[in-house]
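First comes the structure, then the notes that go with it.
All figures in this text were calculated on a predicted structure; none of them were measured in a lab.
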Amino acid sequence: MVDQNLIAEIDLQGGIDDELAQLLGATTSDALVGKMIDQQSEEFKPGSILKGVVVGRAGDDIVIDVGLKSEGLIPAEEWDDPSSLEIGDDVQVWLDAVESDSGHIVVSKRKADRVLNWQRIVSTKNEGDNVEGRVMRKIKGGLLVDIGYPVFLPASQVDIRRPGDIGEFIGKTIEAKILKIDAERRNIVISRRKLIEEARSTAKEALMSTLEVGQTRKGMVKNIADFGAFVDLGGIDGLLHITDMSWDRVGHPSEILRIDDEVEVKILSVDRDKEKIALGLKQLKVNPWDEVEKSYPVGSRHKGEVVNIMNYGAFVKLEAGVEGLVHISEMSWTRRINHPSEMLTVGDMIDVIVLDINKGKQEISLGIKQTQENPWTHVAEKYPPNTRIAGRVRNLTNYGAFVEIEDGIDGLLHVSDMSWTKKIGHPSELLKKSDTIECVVLKVEEEKQRIALGLKQLHEDPWSRAVPENYIPGQIVEGTVTKITNFGVFVELEEDLEGLLHVSELADHKVEDPHAEVKIGDKLLVKILRVDAVERKIGLSKKRAEWSAEQDAESGAASAPKVRRGGLHGPGPESSGVIQPIPHVPPPPREEPAKESADP
């Protein structure tokens, strides 16, 4: 049965007609050829097919006698096997001219064969029949195929999937199906694709009925894509996905397969309704993950190749199909690594230690730093608590400063351990990056790889002795207003030491707003009410200092200045920090309210 829609799609104009004209001669008319088909004329006229006899050879030509006064010369190449010719062999030839310039008749065996073969083909073959022929050459739109007569094989009918270059079929003998015979124009169109499709359809039905999951089949690679390869199983194609080609990493299917490769594959799944078959190549080999726990026990050391680098780590191939991840945190005990490429490059061969295995997820955690001794194991021995060290400020944060003690070993100097008395809002108030400072080791946490450092611990806590001994409750001292709040006023008694003057201790009268009583920078005489070494607080009173001055004035006590006690940073000279008595100013007399007159 011929597909008429397929015939309609094929362009037969040009190309084949020109080729036939060259092969049969431009002077050969359809009518003349038709006449020669009906009967072989015995008349010696151009365009006739004559019977001849091989009478000899002349160089590369065969001498033919057709019964005329001169012989004809035919190139030996017009015979498939000219060496087999013998004197006396019969041959049919096409008469082109009775006499040439050289005096010989002009005859052609090839043209006679074309005409005779055409007669044989149209008398023995029909549309839909199979034929066999040799591909001669490329022509416009397809290939010219010799089946005894030149026929046209359109490029779209060469194969199921159109080849990249149909020229690769030139010189090959192929089988095809006749799509159309045009007797009037002496054109024949054939299709190799149609023949293959019919054969595959028959084979597909038989194959689908016997195909089962788990079977091993041989096939031919027909096409390769980025995601996999299509394998012809003998009637139907199956998809061999890239992930099922190898247990190892595969970048592209072409790394493993080539078109027309014969491969043995395993049937992974069959969808008979959609006629889809999933194939596997790696499933024919043992999965290396089946024995991974035995091959790579936790704690074992192995050599592997770096195959991929990501922001978070590097993948290391231990063997084909088995890769592990070295997380960035497992690359060095001491070195600060922002990206794995700072240490590794693809292709590096490195030693790793197996840290953990998740067989179900096919994941292996690896470590590089574990191949070396952990320097933190000796930090506790090398830097016990209370050890004084010198280090470089490497980084500042809101909560403290990181100080490099040695290469790769940092300690944290927390903001609360920078000063006993000064309120530090940010480490930059006291330190800057690259400063070299002296610190005290407070604590070493080997497991967490932490070292706590202290700066204030270089000196005795002044609240343990100096402040309680130098600031006695009842003492009157001078200070400077540094901060005013709604609950009171902070007064600096000396550098890094403040006391709180509560709002209730500012004046005898009720104070609604401390800002109305004092201003920042004011010098005040205040009386020490209490010193709390545990809470690190000093309570002050301004009004009680004023009361003391009034009492001294009323009692007539000597008004000589008193040397101020205290001195957190040393007593200093006696001339500094003296207390001047506050002169007594009697309050103004109260006015008696006027009595109301009883008179109207």
Side-chain angles (χ1 to χ4, degrees), residues 1-17 19-20 121-122 124-183 185-208 211 217-225 228-240 257-263 274-277 279:
M1 190 72 181
V2 178
D3 189 343
Q4 297 299 331
N5 292 327
L6 180 60
I7 293 296
E9 294 176 0
I10 299 173
D11 180 16
L12 300 179
Q13 299 301 319
I16 186 64
D17 289 339
E19 293 292 331
L20 289 175
I121 290 170
V122 296
T124 60
K125 297 292 183 179
N126 296 310
E127 293 176 345
D129 289 346
N130 295 343
V131 292
E132 183 179 284
R134 185 176 61 86
V135 179
M136 300 168 64
R137 58 177 174 272
K138 288 172 66 172
I139 61 173
K140 181 181 178 182
L143 296 171
L144 195 65
V145 181
D146 184 4
I147 63 170
Y149 185 85
V151 297
F152 180 51
L153 174 58
S156 62
Q157 300 302 306
V158 171
D159 207 339
I160 294 175
R161 294 183 181 87
R162 185 166 179 170
D165 180 17
I166 59 175
E168 65 188 29
F169 285 87
I170 295 175
K172 294 182 179 179
T173 299
I174 63 170
E175 283 189 286
K177 184 177 287 291
I178 297 176
L179 290 184
K180 182 178 181 181
I181 298 176
D182 187 343
R185 300 177 61 190
R186 302 191 317 283
N187 283 343
I188 297 178
V189 181
I190 61 173
S191 172
R192 180 174 176 268
R193 173 180 177 177
K194 189 74 174 176
L195 184 66
I196 295 173
E197 287 177 341
E198 290 182 357
R200 283 173 60 86
S201 179
T202 303
K204 180 172 67 176
E205 293 178 6
L207 181 65
M208 290 298 288
L211 214 55
R217 297 273 182 162
K218 288 185 178 180
M220 188 78 70
V221 178
K222 286 298 182 183
N223 195 24
I224 293 178
F230 291 95
V231 179
D232 182 2
L233 300 175
I236 189 170
D237 287 353
L239 174 61
L240 175 57
L257 301 173
R258 297 288 184 272
I259 291 177
D260 292 335
D261 279 355
E262 185 179 50
V263 293
K274 296 182 179 180
E275 296 185 345
K276 291 185 177 180
I277 303 170
L279 307 175

Going from [atom1] on [X] to [atom2] on [Y], what distance comes out if it is rounded to the nearest 0.5 angstrom?
X	Y	atom1	atom2	answer
Ile160	Arg192	CD1	CZ	8.5 Å
Phe230	Leu279	CZ	CG	10.5 Å
Leu144	Met136	CG	CE	5.0 Å
Glu275	Ile236	CD	CD1	5.0 Å
Glu168	Leu143	CD	CG	10.0 Å
Ile188	Lys180	CD1	NZ	12.0 Å

Does some side-chain heavy atom of [Y] sit less than 4.5 Å from a side-chain heavy atom of [X]?
X	Y	result
Leu207	Arg217	yes
Lys276	Leu239	no
Ile139	Phe152	yes
Met208	Ile277	yes

Closest approach of [X] to [Y] (non-hydrogen atoms, all atoms of both residues):
X	Y	answer
Ile190	Pro154	O-CD, 3.3 Å
Ala155	Ile166	CB-CD1, 4.1 Å
Gly133	Val145	C-CG1, 3.9 Å
Lys138	Gly167	CD-CA, 3.7 Å

Partners of Glu197 by salt bridge (Lys or Arg N to Asp or Glu O under 4.0 Å), sequence neighbours excluded?
Arg193
Mind checking side chain to side chain contact (heavy atoms under 4.5 Å, CB included) for [X] and listing every partner two or more places apart, or none if nothing turns up?
X	result
Arg258	Ser254, Asp261
Lys125	Ile121, Asp129, Val131, Ile178
Ala225	Phe227
Glu175	Glu132, Leu195

Mind running side-chain contact (heavy atoms from CB on, under 4.5 Å) on Leu240 and Leu257 for me, showing each step along the way?
CA-CA 11 Å; Leu240 175 57; Leu257 301 173; 3.8 Å; yes
Output, in order, the C-alpha distance, side-chain angles, deciding distance and verdict of side-chain contact (heavy atoms from CB on, under 4.5 Å) for Ile181 and Asn126.
CA-CA 8 Å; Ile181 298 176; Asn126 296 310; 5.6 Å; no
Hey, is the main chain of Gly128 close enough, under 3.5 Å, to the side chain of Lys177 for a donor-acceptor pair?
yes
Inspect the contact between Lys222 and Asp159 and indicate whether a charged nitrogen and a carboxylate oxygen are less than 4.0 angstrom apart.
no
Would you list the pairs meeting salt bridge (Lys or Arg N to Asp or Glu O under 4.0 Å) in which at least one residue belongs to residues 228-239, sequence neighbours left out?
Arg161-Asp237, Arg200-Asp232, Arg200-Asp237
